[in-house]
Visitor: 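Quick one: this structure, given as structure tokens, is what I'll be asking you about.
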Amino acid sequence: MEPITLTTERLVLRPFRGGDADEVHAACQDPDIQRWTVVPSPYTHADAELFTRKLSPGGWQDDSMYNFAVVLRDGGAVTGALGINRRNLHGMYEVGFWTAKEHRGLGYTTEAVRAAAHWTFTSLGGDRLEWRAEVGNEPSRAVARRAGFRMEGEQRSGLLNKGVRRDIWVGALLPSDLGLPGAHPYLPATAPTAAPSADLSSGPVPGLPTGVSTAP
């Protein structure tokens, strides 16, 4: 896919450039980013160069992941990173993000996630956008909730981060959550109907050989 740019009230989500490496490197020195995300630790300038110059452009070229630099409209400073990753060929995607320490608490990442979700559903034909984070990553979960994601539970050993498997929280956003149509019809599960109980007053009980008593 040809890289695109998204614009919100306060932000521009654009493809990463080689010139972003310094800001990415500086932001990823934050211990919280290294602890809670899968970026390398320690994070070197070579890692930032690889991410901005090779991995991010490559993801657009092979349609596997769409990484955006989240920058301020009025100044161009990189506030964070956001990626939309293709999970499979059936309309499922995953969002990931980090926010530079000095730009936290201002709602930038929530604003960026909402814009990226809308683009995923309207331009990529997405039917489900997942958010996954290690159990305990409360700031990430707060962003997902504010963006409209519904929390769906936990997965044991759902994340491999720096050689260690960790439990994760999982949430999802659907097109209907944003008032948008999906690419495919969606039929939610209904509450299960209780199965009728076996009549033990006479006759054999289904599943038991004739002559086996169910009485105490």
Side-chain angles (χ1 to χ4, degrees), residues 1-24 26-28 33 37-39 48 51-133 139-150 171-183:
M1 172 183 288
E2 196 66 27
I4 58 94
T5 296
L6 306 175
T7 303
T8 71
E9 181 180 355
R10 300 180 295 171
L11 305 169
V12 174
L13 282 66
R14 59 161 175 78
F16 277 97
R17 308 164 181 162
D20 296 323
D22 288 345
E23 288 183 276
V24 170
C28 289
I33 292 179
T37 76
V38 296
V39 303
F51 175 72
T52 58
R53 295 182 182 274
K54 184 175 181 179
L55 297 181
S56 291
W60 286 94
Q61 291 170 6
D62 64 16
D63 279 305
S64 61
M65 60 181 179
Y66 312 102
N67 285 330
F68 294 94
V70 181
V71 304
L72 295 176
R73 289 185 65 174
D74 60 2
V78 175
T79 69
L82 183 148
I84 300 292
N85 297 334
R86 185 185 295 271
R87 293 291 301 274
N88 56 35
L89 299 179
H90 302 289
M92 293 179 62
Y93 294 83
E94 181 180 343
V95 63
F97 48 82
W98 54 256
T99 309
K101 186 174 184 178
E102 63 271 24
H103 296 293
R104 292 175 192 158
L106 301 172
Y108 293 144
T109 305
T110 300
E111 187 174 325
V113 170
R114 287 174 178 162
H118 190 279
W119 173 73
T120 299
F121 296 140
T122 58
S123 297
L124 298 180
D127 275 327
R128 175 180 167 90
L129 181 61
E130 290 189 348
W131 161 89
R132 302 162 72 243
S140 182
R141 183 163 69 166
V143 168
R145 286 184 181 277
R146 287 194 296 267
F149 283 72
R150 180 182 297 182
L173 190 70
L174 306 182
S176 57
D177 297 330
L178 302 182
L180 299 170

Visitor: Could you give the distance from OG (Ser140) to CZ (Arg145), rounded to the nearest 0.5 Å?
Guide: 11.5 Å
Visitor: Restricting to non-hydrogen atoms, name the atom on Leu173 and the atom on Gly148 that form the minimum distance, rounded to 0.1 Å.
Guide: CD1-O, 3.2 Å
Visitor: I need the Asn67 CG to Asn85 CG distance, nearest 0.5 Å.
Guide: 6.5 Å
Visitor: Does some side-chain heavy atom of His103 sit less than 4.5 Å from a side-chain heavy atom of Leu72?
Guide: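 Contact flag for Leu72/His103 side chains = yes.
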Visitor: For a side chain to side chain contact (heavy atoms under 4.5 Å, CB included) check, start with the C-alpha distance between Val143 and Phe149, then their side-chain angles and the critical distance, and finish with the verdict.
Guide: CA-CA 9 Å; Val143 168; Phe149 283 72; over 6 Å; no
Visitor: Between Pro175 and Pro181, what is the shortest heavy-atom contact and its length?
Guide: CB-O, 3.7 Å
Visitor: If the condition is side chain to side chain donor-acceptor pair (under 3.5 Å), which residues does Glu94 pass it with, not counting sequence neighbours?
Guide: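 Glu94: side chain to side chain donor-acceptor pair (under 3.5 Å) contacts with Arg132.
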Visitor: I'd like to know if the side chain of Asp127 reaches the main chain of Gly182, judged simply by a donor and an acceptor atom lying under 3.5 Å from each other, with no hydrogens or angles considered.
Guide: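 Absent.
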Visitor: Are any non-hydrogen side-chain atoms of Val70 and Trp98 less than 4.5 angstrom apart?
Guide: no
Visitor: Nearest 0.5 angstrom please: Leu129 CG to Met92 CE, how far?
Guide: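 Answer rounded to 0.5 Å: 10.0 Å.
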Visitor: Does a sphere of radius 6.0 Å around CZ in Arg17 hold more than 12 heavy atoms from other residues, nucleotides or ligands, not counting ones at 6.0 Å or beyond?
Guide: no
Visitor: Could you give the distance from CZ (Phe97) to CD1 (Ile33), rounded to the nearest 0.5 Å?
Guide: 12.0 Å
Visitor: Which residue pairs pass the ring-ring contact (aromatic ring centres under 6.0 Å, His included) test with at least one member in residues 75-94, sequence neighbours excluded?
Guide: none
Visitor: Taking side chain to side chain contact (heavy atoms under 4.5 Å, CB included) as the definition, give me every residue that meets it alongside Glu111, ordered by chain and number, with sequence neighbours left out.
Guide: Thr8, Glu9, Arg10, Leu11
Visitor: Quick check on side-chain contact (heavy atoms from CB on, under 4.5 Å): which of Thr79, Thr109, Thr99 does Arg104 satisfy it with?
Guide: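 The single option meeting the side-chain contact (heavy atoms from CB on, under 4.5 Å) with Arg104 is Thr99.
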Visitor: What distance do Arg150 atom CZ and Trp131 atom CH2 have between them, rounded to the nearest 0.5 Å?
Guide: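 Between Arg150 CZ and Trp131 CH2, I get 15.0 Å after rounding to 0.5 Å.
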Visitor: Would you find a donor on one side and an acceptor on the other, under 3.5 Å apart, between the side chain of Thr110 and the backbone of Ala147?
Guide: no
Visitor: Under 3.5 Å, sequence neighbours excluded: what are the donor-acceptor pairs made by side chains of residues 118-125?
Guide:
residue : atom : partner : partner atom : Å
Thr120  : OG1  : Ala116  : O            : 2.8
Thr122  : OG1  : His118  : O            : 2.7

Visitor: Among residues at least two apart in sequence or on other chains, which ones pass side chain to side chain contact (heavy atoms under 4.5 Å, CB included) with Thr52?
Guide: Phe16, Asp20, Ala21, Val24
Visitor: Are the side chain of Arg114 and the backbone of Arg146 linked by a donor-acceptor contact shorter than 3.5 Å?
Guide: yes
Visitor: I'd like to check the side chain to side chain contact (heavy atoms under 4.5 Å, CB included) partners of Asp63; sequence neighbours left out, ordered by chain and number.
Guide: Met1, Tyr66, Arg86
